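Worksheet for the structure shown next.
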Amino acid sequence: MTARLSFKHIAHQYDVQLALQDFSLDVAAGEVVCLLGPSGCGKTTTLRIAAGVERPSVGQVEIDGSVVAGSGVFVPPEKRGVGLMFQDYALFPHLTVLDNVKFGLHQHPKHEREPIALRALEGVGMTRYAQAFPSVLSGGEQQRVALARAMAPGPRIMLMDEPFSGLDNRLRDSVRDEALSLIDQSGASALLVTHDPEEAMRMADRIALLRKGKLVQVGTPQELYYHPVDVEAAAFFSDINRCGGTVSGGLITCPLGTFPAGDLADGTQVDVVLRPTAVELGRGGVGVPATVRRARLLGEESLIEIDVEGHEGLVHVRVKGTWLPAEGTSVRAAADPERALIFADGVLASNGSNPADIAAVNE
Ligand code: ADP
Ligand code: MG
């Protein structure tokens, strides 16, 4: 099957900055892919290249199997059938909400524009503001209108650059869910940029992790979370606890516990990475002895920072519910070997958990 949107070995050079290198990615029909990475890693550049507002220095972009950029071809943005929702792609202040949405419909015959625009506004629950000007709307309402404007022409591909980052938490969740369901209903594919791993996991069928202009890993949220390619990728999704160890007799021993070494040869130097939820705390029983330094309630979870002998820095543990032991409390910390991520030469070598197994458990 041809991909709806396809990047083939794209590189992009600004004056002095190489913003993207050998970037290849396919987005299938109806798929939502999130481009995730820290600020400056090349996310916006990728989206601008897909939209046609930037020409790639090297490589090719295809939409439904046809070249739209590269090999001497360049199809302008308005001919690509893409919808844009960019951070800095604000509504026109001097146009009403309805006219803002109609503006995106200049390819449609004049008499069709208003009914299509009204339907799009209905889709985001903004019909009653049709004659209002953007300045009277809240941030969330403005984003809803921007979404309606982008979706009204019925794009096959939605390109969204951190469209929810200006909204506060609660509002963000609802606008995000609304956007996702509209995209779903329309059958469009979406490439969504975010620097927020939780947003990516919430929205994406697949996540493409970028670092310094290079694609580091592409996969489902479960694959990236449970099988991060390297320590940095693991650290992008949560706080991590990390300790070094050496394989001996098929085992790795570090201050946080003893872990199976898989196929790694004796003598291999490894990093053991444990997410804060991969460590259990108890008053007694199994685990290494530790001392509580700080405990804080985060809402549904408690964050407990502990001192473990031989481990540099505090170990962060998250437990469900409220448990706030006093500073100085003696506890035992038991790391779940199934959830230990073992990296050799900086690359994931083994872990006990398999996303398929985890999915099966959750079914
Ligand atoms: P992101 O969206 O992930 O924050 P960008 O794609 O905006 O990253 O930028 C990638 C790199 O290219 C950064 O180093 C940025 O400074 C640089 N860059 C972006 N736009 C331009 C531009 N118009 N001219 C020169 N350099 C740019
Ligand atoms: Mg950006």
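None of these values were measured; they are calculated from a predicted model.
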Test item: Asp345 side-chain N/O and Val347 main-chain N/O as donor-acceptor pair under 3.5 Å: no
Close side-chain approach of Glu327 to Arg293, heavy-atom, < 4.5 Å: yes
Interatomic distance, Asp26 atom CG to Ser189 atom OG [nearest 0.5 angstrom]: 11.0 Å
Gln21 CD: over 12 foreign heavy atoms closer than 6.0 Å: yes
Any side-chain heavy-atom pair of Phe23 and Leu35 under 4.5 Å: yes
Flag, side chain of Asp230 to backbone of Gly346, donor-acceptor distance under 3.5 Å: no
Joint cluster assignment, Val97 & Ile116, ILVMFWY side-chain distance < 4.5 Å: no
Trace of the side chain to side chain contact (heavy atoms under 4.5 Å, CB included) decision for Phe7 with Leu191: CA-CA 12 Å; Phe7 298 90; Leu191 188 57; 3.8 Å; yes
Side chain to side chain contact (heavy atoms under 4.5 Å, CB included) between Leu20 and Ile49, worked out: CA-CA 10 Å; Leu20 217 50; Ile49 286 172; 4.1 Å; yes
same_hphob_cluster(Val82, Leu105) at 4.5 Å side-chain heavy-atom cutoff: no
Side-chain ion pair, Arg206 and Glu31, N-O less than 4.0 Å: yes
Steps toward side chain to side chain contact (heavy atoms under 4.5 Å, CB included) verdict (Arg176, Thr194): CA-CA 12 Å; Arg176 206 150 50 181; Thr194 179; over 6 Å; no
Sequence-distant partners of Phe164, ring-ring contact (aromatic ring centres under 6.0 Å, His included), two or more places apart: none
Heavy-atom closest contact (Ser238 atom, Pro276 atom, distance): OG-CD, 3.9 Å
Polar side-chain atom of Lys212 near backbone of Gly42 as donor-acceptor pair, under 3.5 Å: no
Heavy atoms of other groups near Asp168 CG, more than 12 under 6.0 Å: yes
Verify same cluster id: Leu137, Val101 (apolar side-chain graph, 4.5 Å): yes
Common cluster, Val67/Leu159, ILVMFWY with side-chain heavy-atom separation under 4.5 Å: yes
Whether Glu141 side chain and Met126 backbone form a donor-acceptor pair below 3.5 Å: no
Atom CZ of Arg55 with >12 non-hydrogen neighbours under 6.0 angstrom: no
Side-chain heavy atoms of Leu303 within contact of Glu301, under 4.5 Å: no
Full working for side chain to side chain contact (heavy atoms under 4.5 Å, CB included) between Leu98 and Glu114: CA-CA 8 Å; Leu98 182 64; Glu114 185 147 327; 3.8 Å; yes
Note, Val247 side chain near Asp266 side chain (heavy atom, < 4.5 Å): yes
Basic-acidic side-chain contact under 4.0 Å: Asp173, Arg202: yes
Sidechain-backbone polar pair: Ser24 side chain, His9 backbone, donor-acceptor under 3.5 Å: yes
Thr258 vs Pro337 side-chain heavy atoms within contact, under 4.5 Å: no
Common cluster, Val53/Leu47, ILVMFWY with side-chain heavy-atom separation under 4.5 Å: no
Flag, side chain of Asn100 to backbone of Leu95, donor-acceptor distance under 3.5 Å: yes
CD/Glu78: more than 12 non-hydrogen atoms of other groups inside 6.0 Å: yes
Interatomic distance, Leu121 atom CG to Arg149 atom CZ [nearest 0.5 angstrom]: 11.5 Å
Aromatic Phe343 / basic Arg242 pairing, under 6.0 angstrom, 45° off normal: no
Non-hydrogen side-chain atoms of Leu147 and Met158 separated by less than 4.5 Å: yes
Passing option when His316 is tested against Val279, Ile304, Asp239 for side-chain contact (heavy atoms from CB on, under 4.5 Å): Asp239
Quiz item: cation-pi between Arg80 and Phe74, 6.0 Å / 45°: yes
Contact summary for Ile240 and Ala235, nearest pair of heavy atoms: CD1-CB, 3.8 Å
Leu209 CG to Phe236 CZ distance, which is reported to the nearest 0.5 Å: 6.5 Å
Evaluation steps, side-chain hydrogen bond (donor to acceptor under 3.5 Å, both in side chains), between Ser57 and Gln13: CA-CA 6 Å; Ser57 313; Gln13 175 91 42; over 6 Å; no
Thr329 side chain vs Val292 backbone, donor-acceptor pair below 3.5 Å: no
Asp196 bridged to Arg172 by N-O distance under 4.0 Å: no
Flag side-chain contact, heavy atom, 4.5 Å: Val315 against Leu274: no
Approximate separation, where rounding is to 0.5 Å, of Leu25 CG and Thr46 OG1: 8.5 Å
Gap between atom CG of Leu314 and atom CG of Asp307 - 0.5 Å precision: 5.5 Å
Nearest heavy-atom neighbours spanning Leu84 and Ala150: O-CB, 3.4 Å
Test item: Gln217 side-chain N/O and His227 main-chain N/O as donor-acceptor pair under 3.5 Å: yes
Atom CD of Glu112 with >12 non-hydrogen neighbours under 6.0 angstrom: yes
Lys43 side-chain N/O to Gly37 backbone N/O, donor-acceptor pair under 3.5 Å: yes
Reported CZ-to-OG1 distance for the pair Arg318 and Thr277, which is rounded to 0.5 angstrom: 8.0 Å
Phe133, CZ atom: more than 12 neighbouring heavy atoms under 6.0 Å: yes
Within 45° cone and under 6.0 Å: Arg275 NZ/CZ vs Tyr225 ring: yes
Check: Ser165 side chain, Glu162 main-chain N or O, donor-acceptor pair, under 3.5 Å: yes
Sub-4.5 Å side-chain heavy-atom contact between His108 and Lys102: no
